[in-house]
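Numbered from 1 within each chain, the chains take letters A, B, ... in sequence-line order.
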2 protein chains.
Amino acid sequence: MKNSKLYKGSLITIILKLLSEHEKMYGYEITQKVKTITKGALKITEGALYPALHKLEADGLLSVEIVEVNNRLRKYYKLTEQGNKETVSKLNELENYIKTMQTLISPKPSWQ
Amino acid sequence: MKNSKLYKGSLITIILKLLSEHEKMYGYEITQKVKTITKGALKITEGALYPALHKLEADGLLSVEIVEVNNRLRKYYKLTEQGNKETVSKLNELENYIKTMQTLISPKPSWQ
DNA sequence: TTTACATACCTATGTATTTTAGGTATTGTT
DNA sequence: AACAATACCTAAAATACATAGGTATGTAAA
């Protein structure tokens, strides 16, 4: 990811959410999808993405299918059953985080 | 901070925002304030807070005033002029982050 | 045609932030 | 007397990510 340090900690959530919407995706596709959805506001770096995908796979949240397309290999990832559960959990965490931060930054009149 | 990894990267923003509302605060007070405002959802650890305060001071965003209260020392921090500007900037960053993440996690119907 | 960019994967090292796990010292509570 | 709360601190480890490389194929431009 590029730019704001706030994105630290949200990569896993982003990957899981995208996979919950797309059945199967490969790494490069994820980087491009995030770029277009966020209109360039967020760029996932490959140095962060690939190790994250490998960890999610090792943790049993993703399964892999290797496919050759145009003489190039693609590694398609999809959510496992456990991955689906973790996605729900991570999205709840994110919503809680956003609510908490909005509580903290919502303007407080000086008499409070 | 305890719990969710999403809070990584938001400590500085939280400190600056609190100081923009309270004129002056000391470290321990900040930990307690965050705990009460968030109803225990977020606990800032001292091992993260004090180095962060020292860095903000070194960067010229905070000024310090040491006061003795009840035979104990308190280090009151307040925003400098530069600190005020940085607060605005950090809050904008946070709002952008939240908007971007909401774009990413907003439910997408399957035909999109 | 060769240069450059896009596609598609990868990893090692460095850096920054935070957690963990301590430490000191005083005051208030049980 | 023992413990929690107040108030500060730091060193070492863990974590996540950025940086900066690497390989290889396909495609478009010069």
Exercise. Does A:Tyr28 make a side-chain N or O approach to OP1 or OP2 of C:dT7 shorter than 4.0 Å?
Worked result: yes
Exercise. Rounded to the Å, how far apart are A:Lys5 NZ and C:dA16 C1'?
Worked result: 7 Å
For this session: Mind calculating the distance between NE2 (A:His54) and C1' (C:dA8) to the nearest angstrom?
Result: 12 Å
Problem set entry | Minimum-distance nucleotide to A:Asn71 side chain [options: D:dC9, D:dT6, D:dT25] | D:dT25
Problem set entry | Cation-aromatic face contact B:Lys75/B:Tyr26, 6.0 Å, 45 degrees | no
Exercise. Is it true that B:Glu23 and B:Lys78 make a salt bridge, defined as a side-chain N closer than 4.0 Å to a carboxylate O?
Worked result: yes
For this session: Round to the nearest Å and state the distance from A:Ile14 atom CD1 to D:dA16 atom C1'.
Result: 13 Å
Seminar exercise, completed: Here the residues of residues 88-98 of chain A within 4.0 Å heavy-atom distance, strictly under, of DNA chain C are none
For this session: Rounded off to whole Å, could you give me the CE-to-P distance for the A:Met25 and C:dA8 pair?
Result: 12 Å
Seminar exercise, completed: Here the distance between atom C1' of C:dT11 and atom NZ of A:Lys55, to the nearest Å, is 18 Å
For this session: Examine C:dC9: is either OP1 or OP2 under 4.0 Å from a nitrogen or oxygen in the side chain of A:Tyr50? Give yes or no.
Result: yes
For this session: Would you mind telling me which of C:dC9, C:dT27, D:dA16 lies closest to the side-chain atoms of A:Tyr26?
Result: C:dC9
Problem set entry | Length of the CG-P vector between A:Leu6 and D:dC17, whole Å | 12 Å
For this session: May I ask you to say what B:Arg74 touches in the nucleic acid, namely base, sugar-phosphate or nothing, with a heavy-atom cut-off under 4.0 Å?
Result: sugar-phosphate
For this session: Send over the distance from B:Glu46 CD to C:dT18 P, rounded to a whole Å.
Result: 15 Å
For this session: Salt-bridge test for B:Lys17 and B:Glu21: reply yes if a basic N is under 4.0 Å from a carboxylate O, no otherwise.
Result: yes
Exercise. Which part of the nucleic acid does B:Gly47 contact within heavy-atom distance under 4.0 Å: base, sugar-phosphate only, or nothing?
Worked result: base
For this session: Compare every heavy atom of A:Gln82 with every heavy atom of A:Asp59, then report the nearest pair and how far apart it is.
Result: O-NE2, 3.8 Å
Problem set entry | Nucleotide of C:dT27, C:dT11, C:dT17 approaching B:Arg72 most closely (side-chain heavy atoms) | C:dT27
Exercise. Under a single-linkage definition using a 4.5 Å side-chain heavy-atom cutoff for Ile, Leu, Val, Met, Phe, Trp and Tyr, are B:Val88 and A:Ile105 assigned to the same hydrophobic cluster?
Worked result: no
Exercise. Heavy atoms, side chains only, cut-off 4.5 Å: are B:Ile37 and B:Leu18 in contact?
Worked result: yes
Exercise. How close do A:Ala52 and A:Ile15 get, heavy atom to heavy atom, and via which atoms?
Worked result: CB-CD1, 4.0 Å
Problem set entry | Selected nucleotide, minimal atom distance to B:Pro51 side chain, candidates C:dC9, D:dT6, D:dT10 | D:dT10
Exercise. Does A:Tyr76 or B:Ala52 map to a spot on DNA chain C nearer the 5' end, using the closest nucleotide for each?
Worked result: A:Tyr76
Problem set entry | Protein-nucleotide distance (B:Gln32, atom CD; D:dA5, atom P), rounded to Å | 9 Å
Exercise. Where the side chain of A:Lys8 is defined as all heavy atoms beyond and including C-beta, which of C:dC10, D:dC17, C:dA6 is the nearest nucleotide?
Worked result: D:dC17
Problem set entry | Closest to the B:Lys75 side chain, choosing from C:dA8, D:dT6, D:dC8 | D:dC8
Exercise. Between D:dG26, C:dT18, D:dT10, which nucleotide has the shortest distance from any of its atoms to the side chain of B:Leu11?
Worked result: C:dT18
For this session: Decide yes or no for B:Tyr28 and B:Arg74: does some side-chain heavy atom of the first lie under 4.5 Å from some side-chain heavy atom of the second?
Result: no
